[in-house]
There are 2 protein chains.
Amino acid sequence: MPHTYDYPRPALTVDCVIFGLDDEGLKVLLIERGIEPFEGQWAIPGGFVAPGESVDAAAVRELQEETGLKDIYLEQLYTFGEPDRDPREHVVSVAYYALVNLIEHDLEASTDARSAAWFSVDDVPDLAFDHNQIFDMALTRLKGKVRYQPIGFELLPKKFTLTQLQRMYEIILEKPLDKRNFRKKVLSLEILKALNEIEKDVAHRAARLYSFDERAYRRLQRKGVHFAI
Amino acid sequence: MPHTYDYPRPALTVDCVIFGLDDEGLKVLLIERGIEPFEGQWAIPGGFVAPGESVDAAAVRELQEETGLKDIYLEQLYTFGEPDRDPREHVVSVAYYALVNLIEHDLEASTDARSAAWFSVDDVPDLAFDHNQIFDMALTRLKGKVRYQPIGFELLPKKFTLTQLQRMYEIILEKPLDKRNFRKKVLSLEILKALNEIEKDVAHRAARLYSFDERAYRRLQRKGVHFAI
DNA sequence: CCAAAAGTGTTTCACTTACACCCATGA
DNA sequence: TCATGGGTGTAAGTGAAACACTTTTGG
């Protein structure tokens, strides 16, 4: 298609910071670049936006190509538009972040030919382009948002114990929480469905399983009740 | 410059939701489009991003062209990337919002030839493109952010009374605040500098003037103290 | 029976809310 | 002197934080 607006224009990409949680802590998925620039260096997965493809759709596609997963929590983070962020030409990148549940989906050996690996968020190497800046913003956003919106559930299996939930918050917020107060608080929010099931294969008393009740959450939200940990 | 990445690419614009506060309430600056598409319809000011121009710089430039003002609070809002948001071709827009102080800068008669006007945020007409959606998101962001970050001061003159400050919050949050509790709260935050000045030309007891103490705010922020109204 | 985590209430303290009158000033 | 907004304190209520032991289960 010819350009209707006949101006030169920057190139447009999406980049996607993919977070996962396992028993070691919070992880981020990085790929090793196979081509210049920054060949051999780690980077956040991303790719070009084609004309006619919505930017959101490009991010979903990128995430699917990288993890093989669909229906993952994905949120736009920020758009990075400095002209020198790519050494070749002006490339504007719309960054997203995604939350995937590494406990249910074992993604150790990632998808395609390119080398991909999960890094602890405390141990991220020097990345290509301005990707350290993008990663830092994503982590800051996650830490800020998890306290006010029930997005942390996306990092857990559908059915989880209160201890798993507490541990998730402790890892992301980087501070210990009081067990009794935590349980009182989350149960009082009335957004958890207590299941008639208990965890399996543990060498101690099995804990009750819960699931996030999105319907109840939305109902409360409409009433103006605010979620907070 | 030839494109190093030889892909077709969407066009890229910035749009800027400009908020102002006067004694009638919260306003937004709109311009009347002089060309197709949506000729004659109101729209949020915006324009194309040139290759080599940072996206932030394009927003600053746009804001300056529209209001004649520099050093205005400007924050990136969201990037809108649906392919059908412009009827001609795929145009991705990085939206920003700005806060200007209409009390000090009287911008009634705006700048350039294009017709521009301030609209009450409660009375915004049907806008071009997806600009109603952009405006709604900007207003939601402002309402949410003003409670946790001291951005509301950007809408006031440098020197203001506590009543002006309270009124600003009442207008944006759309709810009345208790005068004594409000004063107790904002003064206890210790981010206001009490000036040895009082307001002028009022037909009643003149109120003390205050200014926002950004240095004190940053100091508290580093200590982990959180601002909230 | 032992190890390991599950589960459970009460008290204290801080902060938020509700509320009404006198004061200073200019017209 | 009157109209207008400026400025101030206290008591009650609500929610957050601190804190330790008993129970259940599998090994």
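The chains referred to below are lettered A, B, ... by the order of the sequence lines, with proteins before strands, and numbering in each begins at 1.
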What is the distance, rounded to the nearest whole Å, between atom [atom1] of [X] and atom [atom2] of [N]?
| X | N | atom1 | atom2 | result |
| --- | --- | --- | --- | --- |
| B/His204 | D/dG7 | NE2 | C1' | 13 Å |
| A/Gln164 | C/dA5 | CD | P | 13 Å |
| A/Arg167 | C/dA6 | CZ | C1' | 17 Å |
| A/Lys179 | C/dA4 | NZ | C1' | 10 Å |
| B/Asp178 | C/dC15 | CG | P | 18 Å |
| A/Ile198 | C/dG7 | CD1 | C1' | 14 Å |
| B/Lys175 | C/dT16 | NZ | C1' | 12 Å |
| B/Arg208 | C/dT25 | CZ | C1' | 17 Å |

Of B/Arg205 and A/Ala206, whose nearest nucleotide on DNA chain C comes first from the 5' end?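 Of the two residues, A/Ala206 wins.
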
By nearest heavy atom, map A/Leu162 and A/Ala203 onto DNA chain C; which one lands nearer the 5' end?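 Going by which nucleotide is closer to the 5' end, it is A/Ala203.
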
So which atom in A/Asp15 and which in A/Gly46 form the shortest heavy-atom distance, rounded to 0.1 Å?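 Closest approach of A/Asp15 to A/Gly46: OD1-CA, 3.4 Å.
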
Could you report the tightest heavy-atom contact between B/Phe19 and B/Val121, atom names first, then the distance?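 The answer is CE2-CG1, 4.0 Å.
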
Which residue, B/Thr161 or A/Arg180, contacts DNA chain D at a nucleotide closer to its 5' end, judged by nearest heavy atom?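 Its nearest nucleotide lies further toward 5', so the answer is B/Thr161.
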
Parallel, tilted or perpendicular, as decided by the 30° and 60° cut-offs, for the rings of A/Phe227 and A/Tyr217: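 Plane angle over 60°, so perpendicular.
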
Parallel, tilted or perpendicular: rings of A/His131 and A/Phe129 (30°, 60°):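 It falls in the tilted class, 30° to 60°.
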
Is there a donor on the side chain of B/Lys185 or the base of C/dT17 sitting less than 3.5 Å from an acceptor on the other?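 No, no donor-acceptor pair under 3.5 Å.
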
Check: B/Lys184 side chain, C/dT16 base, donor-acceptor under 3.5 Å: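 Not at all, since no donor on one side and acceptor on the other fall under 3.5 Å apart.
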
Under the side chain to side chain donor-acceptor pair (under 3.5 Å) rule, what do B/Thr163 and B/Arg183 come out as? Steps first, then yes or no, please. CA-CA 9 Å; B/Thr163 300; B/Arg183 284 162 184 245; 3.2 Å; yes

Please determine if a side-chain N or O atom of A/Arg183 lies less than 4.0 Å away from the OP1 or OP2 oxygen of C/dG7.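 A/Arg183 to C/dG7 OP1/OP2: side-chain N or O found under 4.0 Å.
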
